[in-house]
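Report on one structure; see the data block that follows.
Whatever order the structure lists ligands and atoms in, that order sets their numbers, starting from 1.
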Amino acid sequence: MKVYADNAATTKISKTALDAMMPCYTEIYGNPSSLHAVGQEAFHTVRDARTVIADILNCSPDEIYFTSGGSESDNWAIKSTAALMAKKGKKHIISSKFEHHAVLHTLKALERQGFEITLLDVYENGLVKPEDVKNAIREDTALVTIMYANNEIGTVQPISEIGAVCREKGVLFHTDAVQAVGHIPVDVQKDNVDMLSLSGHKFHGPKGVGALYCKKSVRLPNLIEGGAQERNRRAGTENVPGIVGMAAALREAVDNMEKNTEKLIAMRERLIEGILKIDLSRINGDREHRLPGNVSACFEGVEGESLLLYLDLQGISASSGSACTSGSLDPSHVLLAIGLKHEVAHGSLRLSLSEENTPEQIEYIIEALPPIINRLRDMSPLWEKIQKERGNL
Ligand SMILES: *Cc1c(COP(=O)(O)O)cnc(C)c1O
């Protein structure tokens with residue numbers, strides 16, 4: 001059996017999205033900036049896609065800027081706000097310890113340029129406390145950037161409360177909502193956000209396209225200079241097929257969200273139940289405030305990368321945490337941020353489901369896991385040590 005359970009890394013494009021994109025290669029191939037009919041058709045197609053996304057996020061179409069993906073949107077929001085606020089003498093930025101690297105590495109770069117960064121604790125449950133945000137805000141705070149939902153452990157932050165704190169204090173608030181949009185309800189008004197990043201390929205849209213929502217009153221400096229696209233704010237000929245595919249995928253994801261959520265939660269809970277039957281296993285992150293399709297687990301005395309290889313041999317595609325850290329020997333910064341010891345964090349497994357998964361696949365994973373884990377533990381000196389400490393040897 002083949003099971004794709006790495007949807008937090010990327011998703012398979014939906015047929016609806018692909019069908020919407022094809023005419024953009026074959027018929028609507030004009031440049032949206034061209035004044036002739038072929039160009040204008042492309043222009044209208046992009047305009048319609050922008051309206052679809054704006055309606056879903058509850059903002060105005062001229063608050064949506066198309067980008068090349070989540071990483072660019074994060075870079076743009078953070079670097080440009082930093083530049084804007086530095087002119088007013090504000091050089092302090094608040095974020096959390098378990099952000100995506102697109103945020104953390106951007107903040108590192110700003111730190112080297114003289115910005116001061118405060119990374120808030122996310123506690124054992126993987127949630128930021130709005131009071132902590134409130135207490136960290138200073139006179140010179142330029143920006144608060146906190147992710148909507150974590151890509152490794154799936155925890156969903158109290159975004160509207162954090163946003164309310166920022167509003168009250170008059171500080172700009174950006175959220176990396178790449179894992180949230182298309183999966184849980186997101187509304188930029190209710191959530192009190194000033195800027196929000198999203199990415200097409202995380203909700204069955206195409207790769208290499210994303211968007212930044214930026215509230216009209218925020219005059220964000222440009223990240224990419226050139227032509228007049230995106231109301232002079234982000235140059236470069238529009239990725240017309242990508243934009244159209246992303247809008248179609250998002251429309252479909254939101255229309256089916258209720259039905260999909262119910263199905264995903266049932267599969268997630270069954271998977272968690274199966275995993276917790278394994279000796280010295282744990283589920284990471286708050287059990288209630290989490291994405292419908294995310295299961296993040298750790299198995300003591302198991303090496304995560306080996307576990308992935310054995311699962312792959314059984315046709316199961318999973319991840320140890322983030323696609324960005326795979327291949328490196330360091331344990332995930334997210335798992336360390338929730339207080340796990342290095343040796344526990346090393347035995348991590350992330351299964352991120354989509355509505356395309358089936359209950360049969362879940363049973364297949366539950367059956368595949370114990371023999372693999374037993375085999376890896378039998379070979380592990382760490383497991384032998386753990387067993388001795390427990391008096392089992
Ligand atoms: C995938 C992801 C990104 C990066 O998005 P890209 O479109 O791949 O650049 C950023 N943040 C989070 C939380 C993600 O999951």
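- In this structure, Arg167 forms no cation-pi arrangement with Phe173, as its terminal cationic atom is not both closer than 6.0 Å to the ring centre and no more than 45° off the ring axis.
- Atom NE2 of His346 sits about 10.5 Å away from atom OG of Ser332, to the nearest 0.5 Å.
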#### Entry: Pair His92-Thr141, side chain to side chain donor-acceptor pair (under 3.5 Å): steps then yes or no
CA-CA 4 Å; His92 174 234; Thr141 302; 2.8 Å; yes
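- The OG1 atom of Thr237 lies 5.0 Å from the CD atom of Gln229; values are rounded to the nearest 0.5 Å.
- Between Glu131 and Lys134 there is no salt bridge, since none of the side-chain N atoms of the basic residue sits less than 4.0 Å from a carboxylate O of the acidic one.
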#### Entry: Test log, rule side chain to side chain donor-acceptor pair (under 3.5 Å), inputs Ser197 and Asp74
CA-CA 6 Å; Ser197 303; Asp74 286 341; 2.7 Å; yes
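- Taking a heavy-atom cut-off of under 4.0 Å, ligand 1 is surrounded by Gly69, Gly70, Ser71, Asp74, His100, Met147, Asn151, Asp176, Val178, Gln179, Ser199, His201, Lys202.
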